[in-house]
Amino acid sequence: MKTALTRTAGAVFGAMLAVAFAGCATTRQEDPLAQARATYDEVRADPQVTRFAPKELAQAGGVLNRAEALAREGAGSERVAHEGYLAERAALIARETALARAARDEVARADQERERILAEARAQAARAEPQEPRQAERATLAEEIERLQADLDNLEARQSERGIVLAMSDEVLFDVGRATLKPGAERPIGQLAELMHERPGLEIVIEGHTDSTGSEETNERLSTERAQAVRRALIERGVEGWRVSARGLGDASPVATNDTPAGRQLNRRVEVLIPQEGASQSAVGAPR
Amino acid sequence: MRVSMLPAAGTAIAAATLFGCATTPPPVEQMAAARASIAQAQPEAERHAPEPLRIARAKLAQAENAMARRDYEEARRLAEQATVEAQLALARAESERAQAAAAEVNKSLRALRDELGAKSATGSGQGSSEGSSQGRTR
């Protein structure tokens, strides 16, 4: 009886032993790594993954290799299946990582592309728009000066190599020997300001001139102060200061003889220089 | 004598089977890692990758059960699986979000091209040739 019992017990333990070994041994009816391998191969074949997540792909490959090694060593199928699970997830993570990086890359490229398109559109607009109006501007600028001239007494317009020169007689603008604008200056200054408002691209130079009576120093100072007075008056009427420069040339640049009263009157003047295309900026800026 | 040896050997093997093929300590670190990964993935994955997040949570729950049974080997495996599943959830959520952003930005880019294309089509001939060169770079 006792022997029978121990024998039974021995059989039971024998069975347990078999189960235990079976549990730790590889049961090769079904490949527990088949799915992991298939997923890994699929992910590795994706060029986006090799490009954007090579490190993650290599990691997944490492996990799969470890699982394969365990399977070869005869590790338990549960353990191998577990490693296979980890390997498959690692491969899937590599794919998602690649997709995310590719998408971020696309966003960055799209942003760049948008910047490029906008810059191109801006450049195109800058090329296209001012060109046609500029032609129109040139046509009407001449017209406008003609109109201005017709409108104002004592306004002399002439073409010089530096552009159009509008000469305003001092008698209208200033009292003798003074640099304060007279009420009569209102109209020509106002019209000049209006011209400046209509042509936002226009930059002008105001030049003061005197006759040759009086000292050179006084003439230079007076002509400078008068040119600056005109400039200030334009600025007071809303013209941007940077568009108007002023300088006095004294009696250095006469337009008539200083020997007769009529000649001297012509020489006492304020000139507005409107540079034209073709007249270089340096010619405009340079003193005569 | 031979008979009395058998149960002893059997008990040892039975014990080894119960506690895994090797002696396994409780997988405290793996459990913590699983919880941390799920917590990390949760805000994003809740919306963008609910399925792997759900699996990760289920695995963690199973791992906790295994811990309660003192089946540490099983608990460790399940915790590790929960961890990678949560990592996958996070990766997928991030990729979904990035792809949505890419789709959005491409859409606005197309709209911009259409707008400028339409503008240059009504404009000069230079503008329309500009439009076709943009089409090539796409």
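In what follows, every chain begins at residue 1, and chains take the letters A, B, ... in the order their sequences are listed. The structure displayed is predicted, hence computed values, not measured ones.
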- [ ] Look up atom CZ in A/R104 and atom CZ in B/R97, then write down how far apart they are to the nearest 0.5 Å.
- [x] 7.5 Å

Open item on the list: Go through it in stages, so that I can follow the logic: the residues are A/E113 and B/R113, the test is salt bridge (charged side-chain N to carboxylate O under 4.0 Å, His left out), and I'd like the CA-CA distance, side-chain angles, deciding distance and then a yes or no.
Closed with: CA-CA 10 Å; A/E113 176 70 358; B/R113 280 191 181 118; 2.7 Å; yes

Open item on the list: If I measure from the heavy atoms of chain A, does B/E104 come under 4.5 Å with its side chain, its backbone, both, or neither?
Closed with: neither

Open item on the list: Against B/R77, only a single residue in A/E83, A/H82, A/E78 fulfils side-chain hydrogen bond (donor to acceptor under 3.5 Å, both in side chains); can you say which?
Closed with: A/E78

Task: Residues A/D111, B/L109; criterion side chain to side chain contact (heavy atoms under 4.5 Å, CB included); working and verdict - done: CA-CA 8 Å; A/D111 280 342; B/L109 195 59; over 6 Å; no

- [ ] Check whether more than 12 heavy atoms from other residues, nucleotides or ligands sit under 6.0 Å from atom CD of A/Q35, and answer yes or no.
- [x] no

Open item on the list: Which one wins on heavy-atom pair count under 4.5 Å against chain B: A/R109, A/R95, A/E106?
Closed with: A/E106

Task: Pairing of B/E94 and A/R101 as salt bridge, 4.0 angstrom limit - done: no

Task: Shortest non-hydrogen contact between A/I93 and B/Q87, atoms and distance - done: CD1-CB, 3.6 Å

TODO: Calculate, to the nearest 0.5 Å, the distance between atoms CG and CD belonging to A/L99 and B/Q99 respectively.
DONE: 5.0 Å

Open item on the list: Please report the interatomic distance CD(A/E96) to CZ(B/R92), rounded to the nearest 0.5 Å.
Closed with: 4.5 Å

- [ ] Return yes if a side-chain donor-acceptor contact under 3.5 Å exists between A/Y85 and B/E85, otherwise no.
- [x] yes

Open item on the list: If you compare all heavy atoms of A/A103 against all heavy atoms of B/A102, which two are closest, and at what distance to 0.1 Å?
Closed with: O-CB, 3.7 Å

Task: Among B/L88, B/N106, B/V84, residue most engaged with chain A (heavy-atom pairs, under 4.5 Å) - done: B/L88

- [ ] Please indicate whether A/R237 has more than 12 foreign heavy atoms, meaning atoms of other residues, nucleotides or ligands, lying under 6.0 Å from its CZ.
- [x] yes

TODO: Would you give the length of the straight line joining atom CD of A/E88 to atom CD of B/Q81, rounded to the nearest 0.5 angstrom?
DONE: 11.0 Å

- [ ] Look up atom CG in A/L86 and atom OG1 in B/T83, then write down how far apart they are to the nearest 0.5 Å.
- [x] 9.0 Å

TODO: Determine whether more than 12 heavy atoms belonging to other residues, nucleotides or ligands lie under 6.0 Å from atom CD of B/E29.
DONE: no

Task: Sidechain N-carboxylate O distance under 4.0 Å for B/E73, A/R79 - done: no

TODO: Grab the two heavy atoms, one from B/V105 and one from A/V107, that are nearest each other, plus how far apart they are.
DONE: CG1-CA, 3.9 Å

